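Working notes for the structure below.
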Amino acid sequence: MLSFIVRRLGFMVLTLILASLLIFAATQILPGDVATMVLGRFATEQALDNFRGEMGLNRSLVVQYGDWLFSFVQGDWGESLSTRADVRDLVLERLRNSAMLALVAFVMYVPLGIVLGVVAAIRRNSWVDHVISVGSLAFIGLPEFVTGLLLIAVFALRLDWFPSSSAIPPDAAFFDRHTLERLVLPALTISLVSLAYIARMTRSSTVEVLGMDYVRTAYLKGLSRSRVIGRHVLRNALLPTVTVVAIGIGWLIGGLIVTESLFGFPGIGRLLLFGIQRRDLPLIQATTMVIVVIFTMANLLADILYGYLNPRIRFR
Amino acid sequence: MGMNFNRRRRRLSTVVVLGGVLVVLLSLLVLGCGGDEDDTAATDETTEVTSAEGDTESTEGDMAAVERGGVVSIGAQPATNLDPHFSTSIADIMLNHQRFDWLVELDQENQIQPGIAESWESNEDGTVWTFTLREGVTFNDGSPLTAEDVAYSFDRLRDPDVGSPVVSLYEGVSEISALDDTTVEFTLSSSNPEFPAFTADYHSAIVNSEVEDLTAPGGGAGSGPFVLDSYSPEDRASLVAAESYWKEGEDGEPLPYLEGLEFIFSPDLGGQVEALRGGELDFVGGLTTELVDTVEADEALQLLKVTSNMHYVLHMRADGDNPAADENVREALKLGTDHQQLVDAVRPGLAEVGNGFTPVGPSYGDYYLEQPPQRDVETAQQLLADAGYGDGLEITLTAQQALDVPAIATVWAEQMAEIGVTVNIETVPVDVYYGDGEQSWLEVPFGITEWGARAVPVNYFQLAYAPNGDYNESHWESQEMADLTQQISNELDRDKRVDLYHQAQQLMIEEAPIIVPYFEAGLAGAAAELNGVELATDWARTIFTNAYMAAAQ
Amino acid sequence: MATTTETTTGRGSRNVLEIEGLSVAYRTEEGDIFPVRDVSLTIGKGESFGLVGESGSGKSTLAMGAIRYLPANGRVTAGRVLLSGRDLLSLSGKEMRSVWGSRVAVVYQSPGNALNPSIRTGNQIAEVARIHLGMSKQEAHQRMLEMLEKVKMPDPESVARRYPHQLSGGMLQRCVVAQAMVTNPELLILDEPTTALDVTTQAVVLDLVAELKQEFDSAILYITHDLGVVARVCDRVGVMYAGEFMEQGAIRHLFKRPLHPYTLNLLGCVPHFSLGPRRKTLNTIPGFIPRLDELPEGCIFAPRCSLAEPECRVAQPPLVRAGEDHLTACRRWPVVPTPAEHMDTITADLMQARGEAENRLLEARDVKKYYPVPAQGPFRKDKRKVKSVDGMTIWIDEGRTLGLVGESGSGKTTMARTIIGLVEPTEGTISLRGEVLGPTTRSRTRDVLRRIQMVFQNPDASLNPRQTVGQSIGRPLALFGTPRGEIPGRVLELLEAVHLSPSYYRRLPSELSGGEKQRVAIARAFAAEPDLILCDEPIASLDVSVQGSLMNLLTTLQAEKGTSYLFISHDLSAVQHLSDWVCVAYLGCAMEWGDAGDVLNPPYHPYTEALLSAIPIPDPDVIQKNIRLEGSVPSAVDIPPGCRFHTRCPRFIGDICVEEEPPWREGEGDHWIYCHHTFETLVEMQKETLRLADHDHGSPGVEVQV
Amino acid sequence: MSASVDTATATPVPTRRSRGETLRLYGRRLLRQPIATVGTVVFIIFLLMALFGPWIAPYGFEEQSIPDRLQSPTLQHPFGTDNFGRDVFSRIVVGARGIFLLGGTGTILAVMMGTTVGLISGYFGGLLDEILMRLLDVLLSIPSLLLALVLLGTVGPSLLNLILVVAVLYIPMIARVVRSVVLDLKTKEFVEAARIRGERDSYVLFREILPNALPPLLVEASMRFSYSIFLVASLGFLGLGVQPPSPDWGLQINEARNYLESAPWMLAFPALAISLLVVGTNLMSDGLRRVLQPGREDS
């Protein structure tokens with residue numbers, strides 16, 4: 001088990017390094033001269049040179065990359081080009097908000113998705129299954145910006161149950177009515193896609209487990225249906241779901257970008273979009289790296305959890 | 001038996017499933033359309049009501065008792081620069097107007113009123129202007145605002161090394177001196193009868209000479225009614241009421257009535273109006289036409305409106321190897337434009353066509369040269385052919401994703417198609433358009449820029465149409481225009497100025513590489529409880545000094 | 001339709017299970033099909049009933065239908081099932097649940113899948129005790145340990161704590177049996193419980209079943225396709241074909257004097273030690289089992305029956321009593337020949353007598369193949385090796401067959417893959433006609449590649465599903481220089497050689513049965529006109545009726561073309577039937593090797609002796625020695641020192657076996673044994689057991705097989 | 001009972017079917033899944049729209065008619081008109097072309113490149129495989145919308161860039177699917193038989209392996225296509241996709257936000273179009289999986 005974790009950690013570090021290279025390359029090499037971009041086309045050659053010297057742009061890319069990575073790891077994420085703010089403070093603050101949103105969404109969709117998936121699998125090919133399966137396919141097909149707009153139209157504008165804008169103040173406390181009610185609609189928006197995704201995955205893994213010999217054995221041992229499902233099926237069927245939930249974090253982040261800008265929620269997704277629209281390189285780099293780190297960590301966690309829950313890996 | 005039963009059940013479940021799909025999709029449709037029917041009905045009704053009483057601008061109509069306290073939330077695009085001398089975006093302008101004071105202020109008729117300066121006078125030929133400052137005005141940290149600070153502010157504005165966008169506006173100023181604590185004297189190199197109005201430019205805030213970083217929260221950067229409390233880039237800015245602002249309210253206490261302002265940034269106007277309707281915001285400016293309908297339909301909201309000289313400029317870069325460097329091309333594009341259609345499509349009923357190609361609108365009275373533009377497709381095509389584009393011309397129009405710009409671009413592109421010009425529209429975020437990059441407004445070959453209201457029309461000429469203007473987005477190099485601009489600035493005689501203005505407009509109509517689709521009214525949506533807000537003619541300059549929240553009647 | 005519900009009856013004791021006229025239907029896309037139609041059987045207390053049939057004959061469906069455990073699309077359409085007089089079909093779902101696991105227990109084919117991978121084995125067994133016996137946790141645990149002891153599980157405490165993946169196949173099957181027996185059920189259904197196991201493990205499990213029968217007195221329904229297994233553990237047997245019983249009877253009657261042509265044919269398909277000389281034709285059954293939606297009129301076996309007459313095709317014959325404890329569904333049972341007569345009619349020499357040893361064709365000398373153990377971490381490389389083949393030497397003469405036998409893990413497949421160049425040997429050389437070959441296919445010339453071909457085990461994977469039969473066979477022809485225009489002609493010739501009609505030319509593999517696919521694979525191998533064909537368990541996954549015909553085909557082709565074979569199998573009887581030479585391998589190393597006649601006659605290497613003793617022989621009169629190998633094959637990573645077989649050897653001597661590698665001993669003729677025992681001592685020891693067996697049986701008329 | 005149909009017991013061997021019958025069987029299997037059939041029909045309708053859009057659409061997608069602006073659905077304008085009086089129906093019909101052009105071309109590119117990578121990586125294995133897989137892991141470790149935004153944010157949104165981004169995003173998934181199929185097929189005996197014959201790698205790859213990898217590839221490609229619609233629409237909505245006045249659906253929804261109240265049809269119909277196409281493609285892909293890879297559950 002330990003060596004398993006160590007190996008996964010090793011892979012994670014490798015992945016992160018490669019990902020950072022990719023991000024660095026995408027943001028630094030492709031768009032051309034940063035100095036021109038920042039100072040404008042009419043800047044004098046002298047000014048450009050000064051800027052490059054100041055920003056260390058005249059060094060080789062390898063050195064620049066090393067330098068960037070080194071300072072990034074040390075927590076120096078640079079200064080935002082468009083706002084002149086300290087990128088780290090900015091990103092971490094937004095990250096906290098996104099985490100709140102993600103948490104609310106998580107609490108909404110993970111249990112519900114699992115329950116729906118299991119129910120659909122148990123009642124396979126019944127109308128319940130069809131409704132859940134087709135419903136989940138339909139929700140997978142609904143982009144967040146459509147669901148979000150529909151939710152706003154119905155729950156904020158028509159029914160006026162929840163605010164349409166989720167602009168929470170930077171220091172908003174989580175357990176606060178004001179904050180929580182602003183999280184409901186965006187969380188719901190993100191949840192629908194992930195909910196559908198989890199339900200589908202849970203269904204298919206449960207269906208697979210239901211077809212296993214040991215389930216047949218369990219039934220023929222005379223166990224009641226609930227005991228078979230609860231004790232013999234779920235234990236194995238939910239194992240892949242652990243991974244799915246982690247991979248779903250990728251969806252969640254994709255959803256955050258759209259949803260946050262839709263609801264005006266000050267999270268990391270909207271910050272990223274802001275950075276991209278302004279070609280704010282340090283901001284893009286830092287935001288992207290943070291998201292990638294979270295994403296890979298979630299995967300690592302899922303791997304470890306999976307390994308821990310799965311005796312076939314735990315006792316090798 | 002059993003077999004039949006099972007067969008049927010399978011078919012049944014199929015029907016159920018198909019039904020399920022349909023229900024999901026139909027519910028989508030119904031959610032959208034169902035709403036439409038109810039709402040259109042509702043809209044019609046309320047529009048009637050609002051417009052009935054709305055003709056007299058309702059803000060000051062029936063004044064409720066003033067109540068102190070409360071925070072007003074304002075929706076805006078993200079701010080880009082909190083240094084007032086470098087304001088570019090609407091959010092910058094709006095935010096900085098709450099933080100700073102000006103020597104003179106503009107009223108709703110575009111006339112100058114005393115600000116920090118109590119009074120002003122000039123020598124006979126209008127080359128020396130002396131401003132007398134109000135006593136006892138302090139910056140928000142309590143330090144006194146003196147003539148030194150005024151001199152410092154304008155020196156900073158006109159210093160090319162600092163690089164404020166209005167350097168050219170104050171080119172004529174040769175010296176600024178503080179005669180004593182409350183007297184400041186501007187010496188001009190040539191006469192300028194309208195110089196006080198020049199000090200009203202939205203950049204020309206009076207800043208504290210002791211404060212280095214004008215963008216930092218708190219402190220005494222400015223003397224305005226509100227103090228920047230916290231700033232969270234791309235997210236929000238909080239302002240709190242100044243402790244001892246020099247203006248007094250009805251209750252004899254210092255203004256403002258409000259405890260503070262909250263600017264909430266979001267790039268999407270539609271979302272802002274949704275938030276306004278949901279009560280999350282109290283004020284959203286710069287409404288587009290369709291959002292006007294939405295605001296009017298909502299009883300919890302009010303529509304604020306002001307006539308102004310706000311307009312859009314579709315510029316055609318006239319230098320280098322840009323297509324519009326060819327006079328024929330410019331003329332063709334101008335002739336191909338159907339102004340009235342643009343109004344009807346984009347701002348029906350909320351804008352009027354001026355003379356088509358100048359920034360001088362009807363609101364300037366006799367300065368305005370009335371000469372409606374005429375569309376002439378055939379001549380336009382002929383001109384294009386003369387320019388060698390008989391087979392068609394393809395241009396790229398950069399449009400910021402804000403206000404009516406995408407709509408204007410889309411409609412104009414259609415009009416151009418009729419004269420054989422293919423317009424590729426490239427939309428960019430506002431801050432990219434007003435940023436420093438290649439897609440910025442001063443760089444792109446074709447772009448659409450919104451212009452706020454100015455005290456006097458010559459300001460536009462100086463900034464954007466004289467060859468050395470900092471905002472010469474069309475890169476138009478006309479010596480004649482430069483001369484006319486100079487003459488207008490120097491001419492003391494009003495009749496002669498009118499004549500010169502007309503000459504300049506005539507020149508622009510014929511030659512300037514710009515198209516001005518229309519002049520629009522300033523519009524803002526606000527919560528019905530918000531009182532005391534007087535929209536500035538350039539609505540972005542609206543100051544919330546007198547604003548207060550009171551339960552709607 | 002048959003109307004009789006006649007069944008054979010058991011030993012006279014009261015019936016535990018009575019099935020009367022049971023029919024089961026499945027709903028499919030094409031409509032209902034009936035995999036089990038109007039079948040009846042009874043099993044008495046303490047009796048074991050063998051349910052035999054080829055795949056698709058409906059035996060599992062019958063059993064599962066009887067205990068009402070059918071997939072969602074299946075249902076019982078007619079019949080009655082009485083368990084100790086109680087009608088199971090009328091029970092509610094809840095009542096049925098109290099029957100399952102307490103009064104009826106089921107053991108399945110693959111023990112690895114039958115236990116929940118994420119629950120400790122002990123808890124799974126104890127669960128039954130808690131639910132059905134109402135025991136407390138403590139009591140259930142105790143009961144579970146008792147049961148594990150009863151199934152002879154070594155160290156039950158520790159086994160109970162482990163997860164299924166930590167146990168070997170044999171141990172798992174014991175756990176499953178223990179779990180089944182917790183409640184001392186009235187009926188135990190064993191559904192191919194040993195099919196997935198090695199022959200040596202199978203023997204152990206079969207012994208266990210036999211003991212359980214004694215101890216528990218349950219009625220046993222034993223489902224299998226293997227007639228030999230039935231002969232070993234069952235009292236009565238029913239032969240199923242396409243959903244109906246063809247014949248039912250006491251085991252001795254039925255095997256000795258089958259009264260249905262199908263049974264007779266099945267028995268003839270299996271190579272049998274008692275059938276005398278090698279290389280005789282094995283029985284074959286023409287045609288196929290009919291599809292359930294296209295059942296023939298009349299007797300369903302008639303289309304494939306050599307005795308069928310027009311009347312057989314008119315009405316389905318009922319099961320009729322043809323003797324004491326013997327039912328048959330054949331109208332013509334009185335004229336069904338005896339096995340001996342039957343053999344005489346079908347048996348013919350497939351090979352002329354052959355001269356003395358020809359040239360040496362292939363020689364694989366001191367071949368070793370080590371694989372690295374997969375790394376456990378990025379920083380920890382495992383230096384150990386999996387020694388798949390650990391110094392094996394074999395050779396094959398021209399036109400002859402070498403049989404390579406051993407349990408799984410003996411390295412026989414790796415050996416074949418090394419010879420053909422799919423796997424690069426770690427050490428050792430392969431030479432063809434004295435010419436040393438490159439280690440991999442890439443390093444061999446086209447001519448060398450042509451001269452060695454291979455036929456694989458899994459017929460479903462051996463043909464490209466996207467290529468027609470013609471393309472598959474034609475490709476080697478084109479590759480090895482047959483002119484384009486002649487290819488179709490040659491393909492047709494090859495098809496004919498493997499007894500497939502020209503209509504197969506355009507078919508895709510999905511349109512072929514397993515046996516047909518294997519024929520195409522053989523044709524493809526012969527298309528290259530090779531000198532040597534490596535046959536890696538080519539018949540293992542086929543039904544017995546097809547196995548026989550394929551073995552016949554291989555023999556005929558060898559006689560015609562003079563091709564040599566390396567025939568790999570875990571099945572000693574198949575090997576002895578086909579091979580001239582035999583090599584017995586264990587853990588990557590040869591244990592015994594020589595002329596087939598010598599190797600398979602005493603004295604044997606102890607390992608060979610155990611293998612032979614483990615083979616179930618479809619003749620209840622044959623008494624086999626009870627030599628059992630305990631445990632499973634050790635890991636190829638940690639090969640035991642000294643004699644690698646010493647950990648399981650029934651003839652273990654002592655320290656010498658642990659400390660010293662045994663010598664190769666040469667016996668009379670061409671016969672070598674890798675053992676510390678001398679030939680003489682082995683003869684002594686093995687004679688002893690033989691005599692015991694003889695004595696026990698007391699019928700000198702039966703030629704003792706091992 | 002929950003157990004699946006045990007085909008081995010349900011249908012006896014051998015099943016003898018001619019090839020034509022097999023194709024008909026696929027067809028029948030598909031038709032027997034009404035949901036998948038509906039999905040396929042929806043997909044085909046949109047495909048036809050994409051192919052013949054300009055001929056189907058009653059108006060030009062850019063044709064403005066200011067007097068007719070913001071009309072609710074009528075017979076002349078079945079889906080209503082937008083703020084420029086353009087016919088929403090026509091814009092949706094023509095918009096299908098953009099979606100198919102972007103998503104379709106992107107997916108096809110991804111399939112081509114992903115298949116190449118997957119084939120090479122899976123077949124040759126070793127260090128090359130290790131490197132390629134690590135790289136793909138990295139691409140996969142960045143959420144796809146994020147990666148799309150970063151790439152488009154730097155190279156700028158043009159049609160070509162959008163297609164390339166879609167391709168880059170989906171290469172890893174496709175490559176993985178192909179690789180796993182190749183790894184499975186590589187050990188199949190018919191592939192070994194080819195190697196034993198001394199076939200060239202190219203023959204083994206393209207004649208023995210690739211044809212057998214097609215069914216899962218087809219399923220995966222259809223899945224990816226449905227995701228690409230989603231992605232392209234999201235990008236359009238965020239303003240980093242197709243630029244106006246293109247009749248892109250996401251862009252239309254973005255524009256429609258300002259008319260949420262006054263002209264909800266501007267939102268409803270493009271949203272419906274996106275959902276229908278995505279769901280339809282999903283259902284079709286689901287059906288394809290069941291037809292081409294029976295026995296495998298959706299994953």
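Computed from a prediction, not measured in an experiment: that's the story for all the values here. In what follows, chains are A, B, ... by sequence order, proteins preceding strands, each numbered from 1.
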Top contributor to chain D interface from [options] [non-hydrogen pairs under 4.5 Å]:
options	answer
C:L422, C:D460, C:I420, C:T441	C:L422
C:R450, C:M454, C:E294, C:R442	C:R442
C:R444, C:E54, C:Q467	C:Q467
C:T440, C:D536, C:N464, C:V448	C:N464

Exercise. By side chain to side chain contact (heavy atoms under 4.5 Å, CB included), which residues pair with C:A478, not counting sequence neighbours?
Worked result: C:I487
For this session: Sequence neighbours left out, what passes side chain to side chain contact (heavy atoms under 4.5 Å, CB included) with C:A527? Give chain and number order.
Result: C:I473, C:P476, C:L477, C:L494
Problem set entry | Contacts with chain C made by residues 169-199 of chain D (heavy-atom distance under 4.5 Å), listed by residue number | D:K188, D:E189, D:F190, D:E192, D:A193, D:R195, D:I196, D:R197, D:G198, D:E199
For this session: Taking heavy atoms only and a threshold strictly under 4.5 Å, list by residue number the residues of residues 114-132 of chain D that touch chain C; give 'none' if the list is empty.
Result: none
Exercise. How about D:R200: does its CZ atom have over 12 heavy atoms from other parts shown lying under 6.0 Å from it?
Worked result: no
For this session: For side-chain contact (heavy atoms from CB on, under 4.5 Å), just list the numbers for D:E208 and C:R466, CA-CA rounded to whole Å, side-chain angles, deciding distance to a tenth of an Å, and then say yes or no.
Result: CA-CA 8 Å; D:E208 301 278 1; C:R466 302 267 148 186; over 6 Å; no
